[in-house]
Amino acid sequence: MFTEMKPTEKKRLLRIAFGTTIGFSVCKIMDWPYGVFFTVFPMLLLGMVPMFNRTLALEFIVGAAISALEMWVLQTFFKPFPLAMLLAVFFIFGYHFRFMLTSRYFLMWASGLITLSTLLNFGSYDAGQATDMVVATVLAALISVVSAYLLYWLIPDTEPFKGTPPAKPSASQINHRTILGALLATISFAVFQIADLKDSLSAQVATMLILFPMTYQGSVISAKKRAKGVAYGCVLALCAQVLLYDLISHFLLVALSLFMTVMITAYFHLVERSGSGIGFGALTTIGILYGQYLTPQGDIFFSALYRFSSVLVAMFCVLVVAFLLDNWLNRYKWTQNTP
C-alpha cells in the first residue's frame with residue numbers, strides 16, 4: 001500500500017486518519033450535535049496543506065470564528081429580507097474569493113468559505129440552533145488544531161516542506177475569478193434554499209469545492225474528479241456499512257471502520273498529489289457520511305445513494321451556469337481571465 005508514497009506522505013496519511021478519528025470520537029462521546037464539523041475539519045486542516053505551524057493553526061481558528069460571526073450577522077439582520085440576504089451573501093462570498101487570490105492566508109479564507117456554506121445550509125433550516133452551530137464550529141476548529149499539534153509532535157516531519165508559490169494573477173483575472181466564484185456560490189445557495197434541499201449537504205459542499213480553481217476550465221476538471229471521488233467514497237462507506245451490519249451501535253467498531261476508510265481515501269488523496277482531486281472528494285464524502293448521517297438508529301445506505309445522485313446534478317448545473325458566466329465576464333477587459 002505504501003510503495004508509491006514518500007516518507008513524509010506516509011506520516012501525513014497517519015495524521016489525517018488519527019486526526020479525523022479523534023474529532024469524530026470526541027464529538028460522539030460528548031454527544032455533541034453537528035458531527036460533520038468535528039469529522040471534516042481535521043481533514044481540511046491536515047489534508048489541504050502539506051505542513052502545519054502556528055500561523056496555519058491561527059488561520060484555521062480565525063477562519064472558523066469569522067465564518068461563525070458571518071453566519072450570526074446574516075441570520076440576525078438579513079434572514080427576514082430575502083433580497084438583502086442574497087446581496088449580503090454575495091458580498092461575503094466575494095471577499096472570501098478575493099482574499100483567497102490576493103492575501104497570504106489562503107487556508108483561512110478557503111476553510112472559512114466551506115464552513116460558512118455549511119453553516120448557512122444548516123442555519124437556514126434550523127435557525128433556532130444558531131448558537132449551537134457557532135459553538136460546534138469553534139469547538140471543532142479548536143479540537144482539530146489541538147489534535148494536529150499532538151499528531152505533529154508524535155509523528156513529526158523529518159524533511160522541511162519545499163513548495164513553489166503560485167503565480168500572481170493579473171488585476172482582470174482577480175476581478176474575473178472573484179465575480180465568477182461569488183456569483184456561482186450565491187446562485188448555489190439560492191437554489192438550495194428555494195428547492196428546500198435540506199438533506200443535500202454533500203451537494204452543497206461539492207458546489208463550493210469545485211469553485212476553488214476559480215476558473216471555468218479548472219472547475220470542469222475539479223467536478224470530474226469530485227464526481228469520481230464521491231462515488232468512491234459512497235461505495236467505501238456502503239462496504240463499511242455492510243461489514244458492520246447490526247453492529248453499528250458499537251462505537252469502537254464504528255470508529256475503527258472510520259479510521260480504515262479514511263486511511264484508504266487519504267492514501268489516494270496523497271498519491272494523487274493534485275490538491276482537491278478524486279482522493280480528497282472521497283475523503284470528505286466519508287467525513288460527511290460518518291459525521292452527519294451515521295447513527296446507532298440509522299445507517300448510511302440511502303444517504304450514500306442520495307449523496308452521489310445529488311452531487312452529480314448539483315455540479316452539472318453549476319458548470320452550465322459557470323460556462324455562461326465565464327463567457328459573459330470575458331467580454332469585458334476589466335474582467336477578462338487573461339494575464
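Remember, it's a predicted structure, so these values are computed and weren't measured experimentally.
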Student: May I ask you to test the Val318-Ser219 pair for a side-chain heavy-atom distance under 4.5 Å?
Tutor: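 In short, these two side chains do not touch, never coming nearer than 4.5 Å.
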Student: Does the side chain of Thr285 pick up a donor-acceptor pair with the side chain of Tyr232 at under 3.5 Å?
Tutor: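 Checked: Thr285/Tyr232 side chains show no N/O donor-acceptor pair below 3.5 Å.
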Student: Are Leu87 and Val89 in one and the same hydrophobic cluster, where Ile, Leu, Val, Met, Phe, Trp and Tyr link if side-chain heavy atoms are under 4.5 Å apart?
Tutor: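 No, Leu87 and Val89 fall in different hydrophobic clusters.
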Student: Less than 4.5 Å apart, side chain to side chain, heavy atoms only: is that true for Lys79 and Leu74?
Tutor: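 No - every pair of side-chain heavy atoms lies 4.5 Å or more apart.
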Student: Between Leu209 and Ser222, is the side chain to side chain contact (heavy atoms under 4.5 Å, CB included) condition met? List the steps.
Tutor: CA-CA 8 Å; Leu209 287 174; Ser222 180; 5.7 Å; no
Student: Can you measure from OG (Ser310) to CE (Met315) and round to the nearest 0.5 angstrom?
Tutor: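 Here the rounded value is 9.5 Å.
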Student: Within a reach of under 6.0 Å around CZ of Phe106, are more than 12 heavy atoms found that belong to other residues, nucleotides or ligands?
Tutor: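 Count over threshold, so yes.
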Student: Please verify the inter-ring angle class for Tyr152 with Phe52; under 30° counts as parallel, over 60° as perpendicular, anything in between as tilted.
Tutor: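 The rings of Tyr152 and Phe52 lie parallel, inter-plane angle below 30°.
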Student: Mind checking whether Phe93 and Glu70 have side chains closer than 4.5 Å, heavy atoms only?
Tutor: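 No, every pair of side-chain atoms sits at 4.5 Å or beyond.
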Student: Can you name the closest pair of heavy atoms from Val73 and Phe78 and give their distance?
Tutor: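 Looking at all heavy atoms of both residues, the shortest contact is O-CD1, 3.8 Å.
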Student: Whether the side chain of Thr39 engages the backbone of Gly35 through a donor-acceptor N/O pair (distance < 3.5 Å, no angle test) should be reported.
Tutor: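 Yes.
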Student: Going by distance alone, is a donor N or O of one side chain under 3.5 Å from an acceptor N or O of the other, for Gln204 and Ser117?
Tutor: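 Yes, side-chain donor-acceptor contact under 3.5 Å.
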Student: Would you say the side chain of Cys27 lies within less than 4.5 Å of the side chain of Trp32, judging by non-hydrogen atoms?
Tutor: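 Yes, side chains in contact.
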Student: Would you say the side-chain atoms of Asp326 pair up with the backbone N or O of Ala322, donor to acceptor, closer than 3.5 Å?
Tutor: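 Judged by distance alone, no pair lies under 3.5 Å.
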Student: Measuring from Phe90:CZ to Ile187:CD1, what's the distance to the nearest 0.5 Å?
Tutor: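 Spacing of CZ (Phe90) from CD1 (Ile187) equals 9.5 Å.
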Student: Any donor-acceptor pair under 3.5 Å linking the side-chain atoms of Ser188 with those of Thr207?
Tutor: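 Per modelled atom types, Thr207 and Ser188 side chains form a pair under 3.5 Å.
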Student: Take a 6.0 Å sphere around CZ of Phe251 and say whether it holds more than 12 heavy atoms from other residues, nucleotides or ligands.
Tutor: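 Enclosed: over 12 neighbouring heavy atoms sit under 6.0 Å from CZ of Phe251.
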Student: For Ser103 and Met100, indicate whether the former's side chain and the latter's backbone hold a donor-acceptor pair under 3.5 Å.
Tutor: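 Side chain of Ser103 to backbone of Met100: no pair is present.
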Student: Is it the case that one hydrophobic cluster holds both Met260 and Leu253, taking links as side-chain heavy atoms less than 4.5 Å apart, direct or via other members?
Tutor: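 Linked, Met260 and Leu253 end up in one cluster.
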Student: Output yes when a side-chain donor or acceptor of Arg12 lies under 3.5 Å from a complementary backbone atom of Gly47, and no otherwise.
Tutor: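 The answer is yes, because a donor-acceptor pair under 3.5 Å joins these two groups.
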Student: Do Met51 and Tyr105 sit in the same hydrophobic cluster, where Ile, Leu, Val, Met, Phe, Trp and Tyr count as joined when their side-chain heavy atoms come under 4.5 Å apart?
Tutor: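 Shared cluster, yes.
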Student: Run the salt-bridge test on Arg15 and Asp157 with the 4.0 Å N-O cut-off and return the result as yes or no.
Tutor: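 Looking at Asp157 together with Arg15, the answer is yes, because their closest N to O distance falls below 4.0 Å.
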Student: Is there side-chain contact between Phe37 and Leu139, with heavy atoms separated by less than 4.5 Å?
Tutor: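 The answer is no; the side chains never approach within 4.5 Å.
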Student: About how many Å separate OG of Ser144 and CD1 of Ile22, when rounded to the nearest 0.5 Å?
Tutor: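 Spacing of CD1 (Ile22) from OG (Ser144) equals 10.0 Å.
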Student: Starting from the C-alpha separation in whole Å, work towards a yes-or-no answer on side chain to side chain contact (heavy atoms under 4.5 Å, CB included) for Asn53 and Leu56.
Tutor: CA-CA 5 Å; Asn53 52 40; Leu56 291 173; 3.4 Å; yes
Student: Quickly, which of Leu258, Thr265, Ile286, Leu46 forms a side-chain contact (heavy atoms from CB on, under 4.5 Å) with Thr20? Name it, please.
Tutor: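 Only match with Thr20 under side-chain contact (heavy atoms from CB on, under 4.5 Å): Leu258.
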Student: Identify the heavy atoms of Ala68 and Val134 that sit nearest to each other, and give their distance.
Tutor: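 That would be CB-CG1, 3.8 Å.
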Student: Each residue besides Phe316 in its hydrophobic cluster should be listed here, by chain and number; the cluster joins Ile, Leu, Val, Met, Phe, Trp and Tyr at side-chain heavy-atom distances under 4.5 Å.
Tutor: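 Same cluster as Phe316: Val320.
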Student: Should Leu83 and Leu183 be counted in the same cluster of Ile, Leu, Val, Met, Phe, Trp and Tyr side chains packed under 4.5 Å apart?
Tutor: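 No; tracing contacts between hydrophobic side chains, which count when under 4.5 Å, never links both residues.
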Student: Can you say whether the rings of Phe91 and Tyr95 are parallel (under 30°), tilted (30 to 60°) or perpendicular (over 60°)?
Tutor: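 Plane angle over 60°, so perpendicular.
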Student: Which heavy atom of Arg54 sits nearest a heavy atom of Tyr149, and at what distance?
Tutor: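 Distance-wise, the nearest heavy atoms are CA-OH, 3.4 Å.
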Student: Applying side chain to side chain contact (heavy atoms under 4.5 Å, CB included) to Phe280 and Leu44, what does each step give before you reach the verdict?
Tutor: CA-CA 9 Å; Phe280 195 71; Leu44 299 177; 3.8 Å; yes
Student: Below 4.5 Å, heavy atoms only, C-beta onward: do Met214 and Leu101 meet side chain to side chain?
Tutor: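 Touching, per the 4.5 Å side-chain cut-off.
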Student: If you round to the nearest 0.5 Å, how far is NE2 of His269 from CD1 of Ile16?
Tutor: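 One gets 5.0 Å once the value is rounded to the nearest 0.5 Å.
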Student: Rounded to the nearest 0.5 Å, what separation is found between the OG1 atom of Thr137 and the CD1 atom of Ile61?
Tutor: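 Between Thr137 OG1 and Ile61 CD1, I get 13.0 Å after rounding to 0.5 Å.
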Student: Taking C-beta and beyond as the side chain, do Val262 and Met43 meet within less than 4.5 Å on heavy atoms?
Tutor: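 Side-chain contact under 4.5 Å: yes.
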Student: Would you check if the distance from the ring center of Phe18 to the ring center of Phe259 is below 6.0 Å?
Tutor: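 Centroid distance Phe18-Phe259: below 6.0 Å, so yes.
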Student: Please confirm whether the backbone N or O of Gln336 pairs with a side-chain atom of Ser172, one donor and one acceptor, at under 3.5 Å?
Tutor: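 Pair found, side chain donor or acceptor close to backbone of Gln336.
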Student: So which heavy atom on Ala227 is nearest to which on Leu312, and how close?
Tutor: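 It is CB-CD2, 3.6 Å.
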Student: List the atom of Ile66, the atom of Met108, and the distance in Å for their closest heavy-atom pair.
Tutor: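 Result for this residue pair: CD1-SD, 4.4 Å.
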Student: For the CG atom of Leu184 and the OH atom of Tyr216, what is their distance to the nearest 0.5 Å?
Tutor: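 The OH atom of Tyr216 is 11.0 Å from CG of Leu184, to the nearest 0.5 Å.
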Student: Check for me, please, whether Leu243 and Leu289 land in the same ILVMFWY cluster - side-chain distances under 4.5 Å, paths through other members count.
Tutor: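 Result: no, two separate clusters.
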Student: As a test of understanding, state which of Thr215, Thr338, Asn337 forms a side-chain contact (heavy atoms from CB on, under 4.5 Å) with His176.
Tutor: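 Answer to the side-chain contact (heavy atoms from CB on, under 4.5 Å) test with His176 among Thr215, Thr338, Asn337: Asn337.
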Student: Between Phe24 and Phe38, does the ring centroid distance fall short of 6.0 Å?
Tutor: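 Phe24 vs Phe38: aromatic centres not under 6.0 Å.
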Student: Determine, stepwise, if the pair Arg177 / Thr335 fulfils side-chain hydrogen bond (donor to acceptor under 3.5 Å, both in side chains).
Tutor: CA-CA 8 Å; Arg177 297 172 188 183; Thr335 56; over 6 Å; no
Student: Taking the side chain as every heavy atom from C-beta outward, state whether Thr284 and Val205 have any atom pair closer than 4.5 Å.
Tutor: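 Sidechains of Val205 and Thr284: no contact.
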Student: How close do Tyr290 and Val254 get, counting heavy atoms only, and between which atoms?
Tutor: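 Looking at all heavy atoms of both residues, the shortest contact is CE2-O, 3.8 Å.
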Student: What's the verdict on side chain to side chain contact (heavy atoms under 4.5 Å, CB included) for Met263 and Leu14, showing C-alpha distance, side-chain angles and the deciding distance?
Tutor: CA-CA 7 Å; Met263 283 279 284; Leu14 291 174; 4.2 Å; yes
